[in-house]
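Just so it is clear, the values below take in all heavy atoms, side chains as well, and ignore hydrogens, waters and symmetry mates.
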Amino acid sequence: MVKNKYCDLAKEKISGAEAVVRCLIAEGVDIVYGYPGGAIMPVYDEFYKYQSEIHHVLTRHEQGATHAAQGYARISGKVGVAIATSGPGATNLITGIADAQIDSTPLVCITGQVPSNLLGSDAFQETDIVGISTPTTKWNHQITKADEIPEIIAKAFYIARSGRPGPVLIDITKDAQFELFDFTYKKCDGVRSYEPFPKVKKNNLEKAAALINSSKKPLIVWGQGVLLANAEKEFKLFVEKTGIPAAWTIMGVSAIDTDHPLNVGMVGMHGNYGPNILTNKCDLLIAIGMRFDDRVTGNLSKYAKQAQIIHFEIDPSEVNKNVKTNVAVLGDAKDSLKQIIPLLNKNKHTNWLKEFHKLNKIEFDKVIKNDLFPQKKGLTMGEVIKEINNQSDGKAAIVSDVGQHQMIACRYAKFTKSRGNITSGGLGTMGFALPAAIGAKMASPNREVVAVIGDGGYQMTIQELGTIFQTKTPVKIVILNNDFLGMVRQWQQLFFDKRYASTEMVNPDFVIIAKGYGIEGKRVKNRKDLAAAVEIMMKSKTAYFLEVCVEKEDNVFPMIPSGSSVSEIRLE
């Protein structure tokens, strides 16, 4: 690694604001997303001076800055950075910070604050952002003296990226930004009492290996922890050596190819029929880098009660939180898998795997065939994703928002490259996808990035078209428009006697709006026009907007009703 020129320098007297920018450069930050204002203006003045070394992207809303930083982090594996002023600027970051916290995304967010002598006086644009953000951050801190800046920022990056990643917020008073001090910078390599990487215990590995080697009907359920640990290679070796069917959470997909013969699909509320049903028939459930979220488990009192549970997990607080484990393997997934693979027997579970295939055939006939090869006149969301697959060869990154389109995208998108699925998982933030796609494309300019969004979520952050326009970021935007808040409408149809309360949307002309931002676009209503329209979009060298008008009252199945077990999943 090339040593940064701002690390370990001899002392030099500079302002706190300049120190902030130098610290970011020292940490290898090349892009910052943000929105200026009075309390952070000194730092922005330094961005102007250092613009050849660090690029600031002006989003149209501070929430857009955090989501863009999330997209950047999720596809690159690096720390995303967002910056805002005090008061409403700072509070507008909170949704993205909360999203990053629950989805384990490494962010460093920097906010300006009123001068320290005005703290607590209800000054103009003063909010207690440290107090507000405490429940939604991995760590936060307020800086009131310039000489604190290097140490605190170094600590922030270390905490954000180490162990189970997460967001960190640093609040800096305006007087600290102006204050001069003797600057030096040294990266942080440890924090007292913070142990981000638990040491893998050999006896737990041996216990886990014994269970795996003796099981007859084992099932792997993996999550984003495999991706966060960069353990894709080790995970594939683990799966192929043991021959165990492996299913994924929506945050884990793309760790191995979706067409891998041992990849049996998605678990959870709208997951695949086979892995959900057979969760309650397996004799061993091996959870790797996942946290037994309620959308995965359904009714916990009926979840995998017949099975022994092995949990590979980096965060001790997640072990036994929702599901009681027989063996917990604490540690980084890459390290844990590397150590357990030599202890495992080469195996195949041919007859067990056939049970997944039988159930998959049932799901195909009742659900998948109708989603991907519909006989109805109107377009389905599934066939749009299928067409994107056809023209991207599984190499594109799909950035989805929240709702029916998200579940369809997660179910049907094909991935042959890791870190391909970027979505809001735990918080379920509508408005996530458009700005997250901007960040993802900037982090990975040579990879096709396609944002798949519903007409509802799109309008929550539609202003970020201005960011695309100004930065000329060539993202591809697909709106699956059913003129409804589709997921809520589905529940209203199934459980509230079709009382569609406040879910029908009267939408504007999205194509005209896109063109107003200099983005070419097209609206598709007929099946015969879909393939050509997707081809034009995928071949475009600039940003492109595609609106597909889909069936208004299509539902996403399979579905586990609220309060039901995974084995009570419905196909219709």
Restricting to non-hydrogen atoms, name the atom on [X] and the atom on [Y] that form the minimum distance, rounded to 0.1 Å.
| X | Y | answer |
| --- | --- | --- |
| Ala208 | Val329 | CB-CG2, 4.1 Å |
| Ala437 | Ala451 | CB-CB, 3.8 Å |
| Ile172 | Gln177 | O-NE2, 3.1 Å |
| Cys23 | Ile149 | SG-CG2, 4.3 Å |
| Leu330 | Asp315 | CD2-C, 4.3 Å |
| Val566 | Thr297 | CG1-O, 3.4 Å |

For a quick check under 3.5 Å, do [X] and [Y] share a side-chain donor-acceptor pair by atom type?
| X | Y | result |
| --- | --- | --- |
| Asp257 | Thr416 | no |
| Tyr158 | Lys187 | no |
| Asp175 | Thr173 | yes |
| His260 | Glu240 | yes |
| Ser254 | Asn421 | no |
| Glu18 | Ser15 | no |
| Tyr33 | Thr467 | no |

Main-chain N/O of [Y] paired to [X] side chain as donor or acceptor, under 3.5 Å:
| X | Y | answer |
| --- | --- | --- |
| Asp401 | Gly454 | no |
| Arg60 | Gly466 | yes |
| Glu62 | Ala84 | no |
| Ser400 | Gln406 | no |
| Lys138 | Ile159 | yes |
| Glu126 | Gly120 | yes |
| Asp103 | Gly425 | yes |
| Glu27 | Leu24 | no |
| Arg447 | Lys441 | no |
| Thr91 | Pro88 | yes |

To the nearest 0.5 Å, what is the distance between [atom1] on [X] and [atom2] on [Y]?
| X | Y | atom1 | atom2 | answer |
| --- | --- | --- | --- | --- |
| Asn326 | Leu285 | CG | CG | 10.0 Å |
| Ile462 | Ile453 | CD1 | CD1 | 9.0 Å |
| Ile250 | Gln224 | CD1 | CD | 10.0 Å |
| Glu464 | Thr59 | CD | OG1 | 5.0 Å |
| His270 | Cys410 | NE2 | SG | 11.0 Å |
| Trp222 | Phe238 | CH2 | CZ | 12.0 Å |

Short N-O contact, Arg22 and Glu12, less than 4.0 angstrom =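 Between Glu12 and Arg22 there is a salt bridge, with a charged N closer than 4.0 Å to a carboxylate O.
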
query = Between Arg164 and Arg291, does a side chain to side chain contact (heavy atoms under 4.5 Å, CB included) hold up when you go through it step by step?
reply = CA-CA 12 Å; Arg164 180 181 180 176; Arg291 58 187 180 86; 3.7 Å; yes

Parallel, tilted or perpendicular for [X] and [Y], by the 30°/60° rule?
| X | Y | answer |
| --- | --- | --- |
| Phe292 | Tyr303 | perpendicular |
| Phe47 | His56 | tilted |
| Phe183 | Phe181 | perpendicular |

Contact between [X] and [Y] at the side-chain level, heavy atoms closer than 4.5 Å - yes or no?
| X | Y | value |
| --- | --- | --- |
| Ile40 | Tyr35 | no |
| Met460 | His61 | no |
| Trp248 | Val226 | no |
| Ile398 | Phe415 | yes |
| Pro196 | Ile314 | no |
| Arg419 | Asn230 | yes |
| Ile286 | Thr242 | no |
| Thr325 | Glu313 | no |

task = Report the C-alpha distance between Met266 and Val253 in whole Å, list the side-chain angles of each, state the deciding distance to 0.1 Å, and finish with yes or no for side chain to side chain contact (heavy atoms under 4.5 Å, CB included).
result = CA-CA 8 Å; Met266 182 170 85; Val253 63; over 6 Å; no

Criterion side-chain contact (heavy atoms from CB on, under 4.5 Å) against Thr429, the qualifying member of Ile102, Thr423, Asp99, Thr461 =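 Testing each of Ile102, Thr423, Asp99, Thr461 against Thr429, the sole residue satisfying side-chain contact (heavy atoms from CB on, under 4.5 Å) is Asp99.
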
Heavy-atom neighbours of [X] [atom1] exceed 12 at 6.0 Å:
| X | atom1 | value |
| --- | --- | --- |
| Glu206 | CD | yes |
| Lys236 | NZ | no |
| Glu151 | CD | no |
| Phe197 | CZ | yes |
| Asp122 | CG | no |
| Lys233 | NZ | no |

inquiry  = Go through it in stages, so that I can follow the logic: the residues are Tyr458 and Ile477, the test is side chain to side chain contact (heavy atoms under 4.5 Å, CB included), and I'd like the CA-CA distance, side-chain angles, deciding distance and then a yes or no.
reply    = CA-CA 10 Å; Tyr458 180 56; Ile477 306 161; 4.1 Å; yes

ask   = Given the rule in the side chain to side chain contact (heavy atoms under 4.5 Å, CB included) test, do Thr66 and Cys109 qualify, once you have shown the distances and angles that lead to the verdict?
value = CA-CA 8 Å; Thr66 50; Cys109 297; 4.3 Å; yes

